[in-house]
Amino acid sequence: MDLREYGFMPDRMPENAQGTPARITAVHKERYALVCEYGETYGRLKTKEYYGGFEEFPTTGDFVLIRYNPSGDSQIIKTLPRRTFFVRKDPAPDGGGQAVAANFDYVFIMQSLNQDFNAKRLERYLTLAWQSGADPVVVLTKADLADDYAPYIRTVESLAAGVPVYAVSSKTGEGLNALNSYLTPGKTMVFLGSSGIGKSSLVNALAGKEIMTVNGIREDDGKGRHTTTYRQLIMLKNGAMIIDTPGMRELGMWDVTGGLDMAFSDVEQYLGKCRFSDCTHQSEPGCAIKAAIASGELSKERWESYAALKTEAGYSDDKAAFLRKKQMRNKSIAMFNRKRKQENKKYGRGSDE
Ligand SMILES: Nc1nc2c(ncn2[C@@H]2O[C@H](COP(=O)(O)OP(=O)(O)O)[C@@H](O)[C@H]2O)c(=O)[nH]1
Ligand SMILES: [Mg+2]
C-alpha cells in the first residue's frame with residue numbers, strides 16, 4: 001500500500017524522522033485504526049511522548065509516525081504537522097483546544113433544504129471552515145424536498161461570496177455529479193452539518209453502496225439520532241476520502257481570528273475607519289460601521305452576526321490562561337513520570353518503552 005493514495009506527501013516528513021508514516025482512519029477509546037505501507041493496523045500512543053506533553057494527541061486524518069508491529073498494536077511515536085484541522089474545546093475541565101479532524105482538503109458545509117436551513121449557522125460554519133485552512137464548499141441537501149431552492153442559493157451567495165454552492169439530493173441523485181470535481185483520488189473532505197440533514201445518506205450516495213447507517217428523523221423534534229459514535233475516515237472506491245466525526249457537533253469558536261477575517265471580509269473592511277480608534281460601534285460619532293449600515297452598504301444582520309461570533313471567540317480565546325494551565329499540567333506530568341521511573345527502577349519493573 002502506498003500511503004500517498006491516502007494523501008500523504010513524503011516531502012512533509014521531518015528531517016531525521018524515525019518510524020513508518022501512517023494515517024489515522026479511526027479513533028477509538030485508546031486505540032487508533034491506521035493505514036500504512038503494510039496495510040491496515042492498530043496503534044497505541046507511546047506514553048512518554050504523548051503523556052509527557054511533547055506530542056499533540058492525534059485525531060482522525062492525522063499523519064503520524066509509528067513503530068510498526070506486524071503481530072500486534074503498533075506504537076505511535078509522533079504526530080506530523082497538520083496541513084488543516086478543526087479544533088473544539090477539550091471536554092476535560094481544564095482542557096484547551098482539541099483537534100477533531102485533520103488534513104482535509106475541502107469542508108462540505110451542509111444544511112438541508114427543508115427545516116434545517118439557517119443563515120446564522122451557515123456563517124458560523126464558514127468561519128470554522130476558513131479557520132481550518134481548507135476550502136469551504138456549501139452543499140444544500142434534500143433538494144427533492146424544496147419546491148424552489150433558488151432563493152436559498154442566493155442567500156448563501158450573499159453570505160459566502162466566492163464559495164461554491166450546490167443543491168443535491170441523495171434520494172433522486174440530483175446534483176451529485178457536480179460534486180465529482182472534489183472527489184478525486186487522494187483528496188479528503190470533511191462533512192460539517194447538523195444531525196439528520198443527510199450526511200450519511202450522501203456518503204452512501206457518493207460511495208454507491210451503504211457504508212454508513214442512515215437513521216430516520218424523529219417525528220417529535222425533527223432531529224436525527226447520532227449514529228456515528230467514533231471518528232472515522234472513509235475511503236471511497238474512486239480514491240477520495242470522507243471524514244465523519246461526531247465531535248463536529250460541538251465545534252466552538254476556538255481561535256478563529258483568521259476564519260473571521262475570511263468569512264467576514266465584507267464587514268472587516270470598515271474596521272479601523274471610525275473616528276475613534278477604540279470605537280465600540282454603539283453611539284460614538286464618526287463610526288464607520290454605523291454609517292455603512294445607515295447607507296445600506298452593510299446589512300445590520302451581517303454586522304450583528306460578526307459581532308456575536310467575535311464576542312464568542314473572545315470568550316473561548318483566553319489563551320494566556322489556558323497556556324499557563326497547560327504548562328503547569330505538563331510540568332506535573334513530567335514530575336509524575338520521573339517519579340514513576342525512579343520507582344520502576346527501585347522495584348525492578350520494566351517501563352513501556
Ligand atoms: N427526501 C430526502 N431525504 C433524505 C435525503 N438525504 C437523507 N434523507 C433522509 O434524512 C434522514 C437523515 O439522513 P442521514 O443521512 O442519516 O443524516 P445524518 O444524520 O446527517 O447522517 C433519513 O431519514 C434520510 O432518509 C434526500 O436527499 N432527500
Ligand atoms: Mg449520520
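Indexing begins at 1, ligand by ligand and atom by atom, following the structure's order.
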For [X], counting its heavy atoms only, list the atoms of ligand 1 lying under 4.0 Å from any of them.
X: Ser200; answer: 15 (O), 18 (P), 21 (O)
X: Gly198; answer: 7 (C), 13 (O), 14 (P), 15 (O), 17 (O), 18 (P), 20 (O)
X: Ser201; answer: 6 (N), 7 (C), 13 (O), 14 (P), 15 (O), 24 (C)
X: Ser195; answer: 19 (O)
X: Lys199; answer: 15 (O), 17 (O), 18 (P), 20 (O), 21 (O)
X: Leu145; answer: 1 (N)

Original post:
Is there at least one pair of N or O atoms, one from Gly196 and one from ligand 1, spaced under 3.5 Å apart?
Top reply: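 Yes; at least one N/O pair falls below 3.5 Å.
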Original post:
If you take all heavy atoms of Cys36 and Leu3, which pair is closest and at what distance?
Top reply: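 It is CA-CD1, 4.2 Å.
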Original post:
Taking the six-membered ring of Tyr6 as reference, does the NZ or CZ atom of Arg23 fall below 6.0 Å from its centre and within a 45° cone about the axis?
Top reply: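 Output no; distance or angle outside limits.
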Original post:
Should we say atom NZ of Lys171 is surrounded by more than 12 heavy atoms from elsewhere, each under 6.0 Å from it?
Top reply: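 Counting other residues, nucleotides and ligands, NZ of Lys171 stays at 12 neighbours or fewer.
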Original post:
Are there more than 12 heavy atoms of other residues, nucleotides or ligands under 6.0 Å from atom CD of Glu40?
Top reply: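 Not more than 12 within 6.0 Å, no.
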**OP:** Only pairs at least two apart or in different chains count here, so list each ring pair (Phe, Tyr, Trp, His ring centres under 6.0 Å) that has a residue in residues 11-35.
**Re:**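 As it turns out, the ring pair (Phe, Tyr, Trp, His ring centres under 6.0 Å) pairs with a partner in residues 11-35, which skip direct neighbours, are His28-Tyr230.
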**OP:** Check if Thr141 has a non-hydrogen atom at a distance under 4.0 Å from any atom of ligand 1.
**Re:**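 No heavy atom of Thr141 comes that close to ligand 1.
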**OP:** Please state whether the rings of Phe108 and Tyr182 are parallel, tilted or perpendicular, taking 30° and 60° as the class boundaries.
**Re:**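 Correct class here is perpendicular.
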Original post:
From Thr20 OG1 over to Ile77 CD1, what is the distance, rounded to the nearest 0.5 angstrom?
Top reply: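 Rounded to the nearest 0.5 Å, the OG1-CD1 separation comes to 8.0 Å.
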Original post:
From the Mg ion (ligand 2) out to just under 2.8 Å, does an N/O/S atom of Ser200 turn up?
Top reply: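 Checking Ser200: at least one N, O or S atom is under 2.8 Å.
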